[in-house]
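This structure is a prediction, so every number in the text was calculated from the model and none was measured.
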Amino acid sequence: MNAAEPVSPTGQLRQATWPLHHRLDHHPTLAPLLAPGLDASVYGNLLACLHPPQMALESALTRSWHLLPATYDLAPRLADLETDLEALDIRPGPVSLQLDPADALPGLIGQLYVYEGARLGAAHIARALAERAPMLPSAYFSNARGPARWPRFQVLAQSLRSEANIKQACLEARRVFQSFLDSMDQGAKDSGHHP
């Protein structure tokens, strides 16, 4: 009889964040992205909802970057998001959302799990937008390079060897997912929809 194969650190992160990730993927603010007939105002609202947590996450990551190997680059996405918003004539308001920078590598890996994982989802969204709404600006999704970046993240995540480190990474990843959910919930309220 074979012992169960141990779950990788990324597998443990996926398990720990699945309920939040599922809620985010099925959020009413995000749902129109993959539906036919996406219009610019709904899309603009969605991008505006993504702006505060994306800005907060990139700010937190930048302030913790010294914890990573020098060869791991951030490859920010905020400029692409702001370019898309500008093309839709939407000016994001002031951002009050804050995420604390990680104070150790396990927390930073948890934040990166969401950051890099979102790039994988962006590839799927970019394909859908190209088919269903090619007239909408989509640099935020189409320039994400998720499949190319994910293997590097998986190698980094392997450094989470202890249970305590994995727990810290999971805690941070859940915190980041919650920030995106909170922003989506607020956007739904502001537009008259309730999540």
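The aromatic rings of Phe153 and Tyr113 lie tilted to each other, with the angle between the two planes from 30° to 60°. Using cut-offs of 30° and 60° for the angle between ring planes, the Trp18 and His22 rings count as parallel.
The same ILVMFWY cluster, assembled from side-chain heavy atoms under 4.5 Å apart, contains both Tyr43 and Leu34. Criterion: ILVMFWY side-chain heavy atoms under 4.5 Å apart, direct or through other members. Under it, Leu74 and Leu120 are part of a common hydrophobic cluster. By the rule that hydrophobic residues join a cluster once side-chain heavy atoms approach within less than 4.5 Å of another member, Ile109 and Leu171 end up as members of separate clusters.
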Give the intermediate values and the outcome of side chain to side chain contact (heavy atoms under 4.5 Å, CB included) for residues Leu50 and Ser183. CA-CA 7 Å; Leu50 289 171; Ser183 189; over 6 Å; no
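Listed here is the closest heavy atom pair of Pro76 and Glu58: CB-OE1, 3.3 Å. Of all heavy-atom pairs between Thr17 and Ala173, the closest is CG2-CB, 3.7 Å. Heavy-atom minimum distance, Cys49 versus Met184: CB-CE, 3.4 Å. Annotation for Ala157 and Thr10: closest pair CB-CG2, 3.8 Å, computed over non-hydrogen atoms. Residues His51 and Leu81 come closest through the heavy atom pair CA-CD2, 3.5 Å. Counting all heavy atoms, side chain and backbone alike, Phe180 lies closest to Pro53 at CD2-CG, 3.5 Å.
Between the CD atom of Gln168 and the CD atom of Glu163 there is a distance of 12.5 Å, given to the nearest 0.5 Å. Summarising the geometry, atom CD belonging to Gln111 is positioned 5.5 Å from atom OG belonging to Ser64; distances are rounded to the nearest 0.5 Å. Distance check: Gln98 CD to Leu57 CG gives 12.5 Å after rounding to the nearest 0.5 Å. Taking CG of Leu24 as the start and CG of Leu181 as the end, the distance is 5.0 Å to the nearest 0.5 Å. Between Leu156 atom CG and Thr71 atom OG1 the span is 9.0 Å, to the nearest 0.5 Å. The line from OG of Ser179 to CG of Leu99 is 4.5 Å long, rounded to the nearest 0.5 Å.
Put simply, the side chain of Ser138 never gets that close to the backbone of Phe141: no donor and acceptor are under 3.5 Å apart. Remark: side-chain polar atoms of Thr29 are not paired, donor with acceptor, to backbone N or O of Leu46 under 3.5 angstrom. In this structure, Arg63 contributes its side chain and Ser59 its backbone to a donor-acceptor pair below 3.5 Å. In this structure, Arg119 contributes its side chain and Arg145 its backbone to no donor-acceptor pair below 3.5 Å. Asp84 contributes a side-chain N or O that, together with a main-chain N or O of Ala139, makes up a donor-acceptor pair within less than 3.5 Å.
Residue Arg91 qualifies as enclosed at atom CZ: its count of foreign heavy atoms under 6.0 Å is above 12.
Between Asp73 and Arg152, at least one side-chain nitrogen of the basic residue sits less than 4.0 Å from a carboxylate oxygen of the acidic one, meeting the salt-bridge criterion.
Gln178 and Asp182 are linked by a side-chain donor-acceptor pair at a separation below 3.5 angstrom, with hydrogens and angles left out of the test. With no hydrogens or angles considered, no side-chain donor-acceptor pair links Gln158 and Gln154 at under 3.5 Å.
For the side-chain contact (heavy atoms from CB on, under 4.5 Å) with Leu47, the qualifying choice from Val42, Ile90, Leu85, Leu136 is Leu85, the only one to do so.
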